[in-house]
> 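Shown below is the structure under consideration.
Computation of the quantities below employed the complete heavy-atom set of this structure, encompassing side-chain atoms and omitting hydrogens, waters and symmetry-equivalent molecules. Owing to the predicted nature of the structure, the values given are computational and were not obtained by experimental measurement.
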Amino acid sequence: ADSTVLGRAASLRGFLLLQLGAPGPAAPLLHRAERQLAAAPLGWRADNHAYLAWLLGDTDQPGPGLRYLRRAYAAYGRLRRPAAQAELSGTATVIYLYQGRGDSAAYVLLRAARQQHRLGLAENEASTLGTLATVLHQLGRLPEAERYARQALATLQRLGNEPLQAAVYQTLGNIAWARHRPAEAVPHYRAAIRILRREGQEGNLVPTYGSLAGALGDLGQGDSAIYYQTKALRLTQQLGNTTQAAVEMSALAQVYAKLRRWPEAERWARASLAAQGDKLLQNERALIVLTQAAEARGDFAEALRRERQVRRSVEARALRESQELVQKERARYETDRAEQQVALLTAQAQVQDDQQELERLRYQRQLLGLAGGLLLLVVVGGATLWYPNVAGSPTTLEWKGSHLGITVSHDQRFVVTMMQEPQLHGWRLEDGQHMRMSGYPGKVRSMAFLANGQLMATSGAQGAVLWPFIGSNGPMGR
């Protein structure tokens, strides 16, 4: 009991560390808790399975994470906790997206949203639908994504949850922009920006500023696009994110390039490359802008050099993406293989359990037999016969030794028991005559009458041993 309580405490501490964004210290606590909770209530074990799935999903270990996730889902199902099952959808989404299984992530999210709808968890359902819309947008299923995003937004507006509304507005803007409707995307981005400003979520403003700048640029509103892209760059620099700042510089260079303001475009493109350092995988957008600027001023040698850099960068990116795809396919293969091994081990364990249950029932049947209303029971020193439907005391058949199993002939004239020694012992019921049936090289473990009771087959030798039960004396003298 003390170990179980310590395991629960370690599990909860690991969960809190995960919420604080510290998976490193959480890992040993959750793995230790998994061992300590082996004999704990199912609910505690299910919670720790869910925490481990979250941990492994966030640390790029999708295979083990998926196994713990399925254990948690099954345990919550046995506990009839559908709300807890639905909460696992976020972790499942992370794992499936890492494996490149976007359709599986969408299926899990849709199932979770339906569960939350049945349970009346409107806010959770809206959050799940918003995530589902984002996944469908990534899969290119834009009409479905827009439908679920609008459904989520309507619920969140009714509930007054502005932080989640901002995320859904951002998703709706991305969907509209992907469908080549920048005029529809702009008000969604502006609505998200207003909410994020009120909520003080400065970090989330950067991508929204950048998206709004891109949509305004497509609408030909160059000055407004430059304004919002510059705000995204300055905010990124204030947050100290140099890598993202380089990306925002290249985006600003692209905005200037669309306006054919080549000096500013070239300046920000060079600044983006300088911020990234001497890397093989350079910012392709900045290199493309520098190529266009060189062509605009007639420096074709520089344009050719930059074009070669773009080609090398594209090839390097393609190589990296192919390597990542191979890693994901390998991880998926390992996951499927591990799941097959688990299923095989589970099936083998079930077969062993069934065999043990069969042996137990067979042993009970040997110890206790019922034939034609006659109840047979072997005991130390003999056997007992009892007719449940007939008044009177049981009949005792005595013979010294340990009797392990019992059977009766079809005509109920002979009773035979298996002995601890390699032999059988029998009685003729009409007069109590003993029958000692020996000569076995090994212990007899099974026996049965066949041929309408004329023969009895037993184990105990290399082949089946048959005893004749024809006539009044049965096997006696044969």
> Between Arg267 and Glu264, does any side-chain N to carboxylate O distance fall below 4.0 Å?
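A salt bridge is absent here (no side-chain N lies under 4.0 Å from a carboxylate O).
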> If we count only N and O atoms by modelled type, under 3.5 Å, do the side chains of Asp47 and Tyr76 hold a donor and an acceptor together?
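Distance-only check passes for Asp47 and Tyr76.
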> Is it the case that the side chain of Ser11 and the backbone of Gly7 share a donor-acceptor pair, with hydrogens and angles ignored and the cut-off at 3.5 Å?
no
> Mind checking the CG-CG spacing from Leu290 to Leu273? Nearest 0.5 Å is all I need.
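Between atom CG of Leu290 and atom CG of Leu273 there are 6.0 Å.
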> Could you tell me whether the side chains of Gln244 and Asn241 share a donor-acceptor contact shorter than 3.5 Å?
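No, no side-chain donor-acceptor pair sits under 3.5 Å.
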> Go through the side-chain N and O atoms of Gln309 and Arg306 and say whether any donor and acceptor fall under 3.5 Å apart.
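Gln309 vs Arg306: donor-acceptor pair found between side chains.
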> Please report the closest heavy-atom contact between Gln229 and Gly210, naming both atoms and the distance.
OE1-CA, 3.7 Å
> Take a 6.0 Å sphere around CZ of Arg114 and say whether it holds more than 12 heavy atoms from other residues, nucleotides or ligands.
no
> For the pair Tyr51 (side chain) and Ala26 (backbone), establish whether a donor and an acceptor sit closer than 3.5 Å, ignoring hydrogens and angles.
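It does not hold such a pair.
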> State, yes or no, whether a side-chain contact exists between Thr134 and Tyr148 at a heavy-atom distance under 4.5 Å.
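Side chain of Thr134 against side chain of Tyr148, heavy atoms only: no contact under 4.5 Å found.
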> Please determine whether the number of non-hydrogen atoms from other residues, nucleotides or ligands lying under 6.0 Å from atom CZ of Arg141 exceeds 12.
yes
> For Ala53 and Gly65, which heavy atoms make the closest approach, and how far apart are they?
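Reported closest heavy-atom pair: CB-O, 3.4 Å.
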> Show the nearest heavy-atom pair for residues His49 and Glu34, with the distance to one decimal.
CE1-OE2, 2.6 Å
> Using atom types as modelled and distance alone, determine if a side-chain donor or acceptor of Ser127 lies under 3.5 Å from a backbone N or O of Glu123.
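Pair absent, no side-chain N/O of Ser127 close to backbone of Glu123.
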> If we count only N and O atoms by modelled type, under 3.5 Å, do the side chains of Asn124 and Gln116 hold a donor and an acceptor together?
no
> Tell me if the CZ atom of Arg305 is crowded by more than 12 foreign heavy atoms within 6.0 Å.
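Enclosed: over 12 neighbouring heavy atoms sit under 6.0 Å from CZ of Arg305.
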> Should Leu29 and Arg32 count as side-chain neighbours, where that means a heavy-atom distance under 4.5 Å?
yes
> Could you tell me whether a side-chain N or O of Ser211 sits under 3.5 Å from a main-chain N or O of Pro207, the two making a donor and an acceptor?
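The answer is yes, because a donor-acceptor pair under 3.5 Å joins these two groups.
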> Can you give me the closest heavy-atom contact between Ser459 and Val444, atom names plus distance?
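Between these two residues, the closest heavy atoms are O-CG2, 3.7 Å.
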> Between the main-chain N or O of Gln221 and the side-chain N or O of Ser224, is there a donor-acceptor pair closer than 3.5 Å?
no
> Compare all side-chain heavy atoms of Trp268 with those of Tyr256 and state whether any distance is below 4.5 angstrom.
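Yes, at least one pair of side-chain atoms sits under 4.5 Å.
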> With side chains defined as the heavy atoms from C-beta onward, is the minimum distance between Leu129 and Glu125 less than 4.5 Å?
yes
> Within the distance-only criterion (no hydrogens, no angle test), does the side chain of Glu248 pair as donor or acceptor with the backbone N or O of Leu233 below 3.5 angstrom?
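No, Glu248 side chain to Leu233 backbone: no donor-acceptor pair under 3.5 Å.
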> Rounded to the nearest 0.5 Å, what's the gap from CG on Leu235 to OG1 on Thr230? Could you check?
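The OG1 atom of Thr230 is 12.5 Å from CG of Leu235, to the nearest 0.5 Å.
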> Side chains of Asn174 and Gln170: any donor to acceptor distance under 3.5 Å?
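Yes, Asn174 and Gln170 have a side-chain donor paired with an acceptor closer than 3.5 Å.
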> Between Glu266 and Arg297 (salt bridge meaning N to carboxylate O under 4.0 Å), is one present in this structure?
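Judged by the 4.0 Å cut-off on N to carboxylate O distance, Glu266 and Arg297 do form a salt bridge.
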> Within the structure provided, determine whether Thr291 and Leu304 are in side-chain contact (heavy-atom separation under 4.5 Å).
no
> Within a radius of less than 6.0 Å around CD of Gln19, do more than 12 heavy atoms belonging to other residues, nucleotides or ligands occur?
yes
> Using side-chain heavy atoms (C-beta onward) and a distance below 4.5 Å, is Leu17 in contact with Pro23?
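When only atoms from C-beta onward are counted, Pro23 and Leu17 do not touch, as no gap falls below 4.5 Å.
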> Under the 3.5 angstrom rule, does the side chain of Ser272 hit a backbone N or O of Ala246 as a donor-acceptor pair?
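Side chain of Ser272 to backbone of Ala246: a pair is present.
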> Main chain of Leu37, side chain of Asn48: is a donor-acceptor contact present, judged purely on distance under 3.5 Å?
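Side chain of Asn48 to backbone of Leu37: no pair is present.
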> Do the charged groups of Glu315 and Arg311 touch, with an N to O distance under 4.0 Å?
no
> When you compare the side chains of Arg190 and Tyr228, does any donor N or O come within less than 3.5 Å of an acceptor on the partner?
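Note: Arg190 and Tyr228 side chains meet the donor-acceptor criterion.
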> Got Arg285 and Val247 here, is their nearest side-chain heavy-atom distance under 4.5 Å?
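Yes. Closest side-chain heavy atoms under 4.5 Å.
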> How far apart are the closest heavy atoms of Leu172 and Ala149, and which atoms are they?
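Here Leu172 and Ala149 meet closest at CD2-CB, 3.6 Å.
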> Would you indicate whether the side-chain heavy atoms of Glu146 and Arg179 approach each other to under 4.5 Å?
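Answer yes - side chains close enough.
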> Is it the case that more than 12 heavy atoms not belonging to Arg308 sit under 6.0 Å from its CZ atom?
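No, not enclosed.
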> I need the Ile193 CD1 to Gln201 CD distance, nearest 0.5 Å.
13.0 Å
> Looking at Tyr73, is its backbone amide N or carbonyl O close enough to the side chain of Gln85 to form a donor-acceptor pair, meaning the two atoms are under 3.5 Å apart?
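Checked: pair present.
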> Given the ring of Tyr68, does Arg71 sit roughly above its face, with NZ or CZ under 6.0 Å from the centre of the six-membered ring and within 45° of the axis?
yes
> Grab the two heavy atoms, one from Gln165 and one from Leu156, that are nearest each other, plus how far apart they are.
NE2-O, 3.3 Å
> State whether Arg81 and Glu87 are salt-bridged, where the test is any N-O pair (Lys NZ or Arg NE/NH1/NH2 against Asp/Glu carboxylate O) under 4.0 Å.
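No, this pair does not count.
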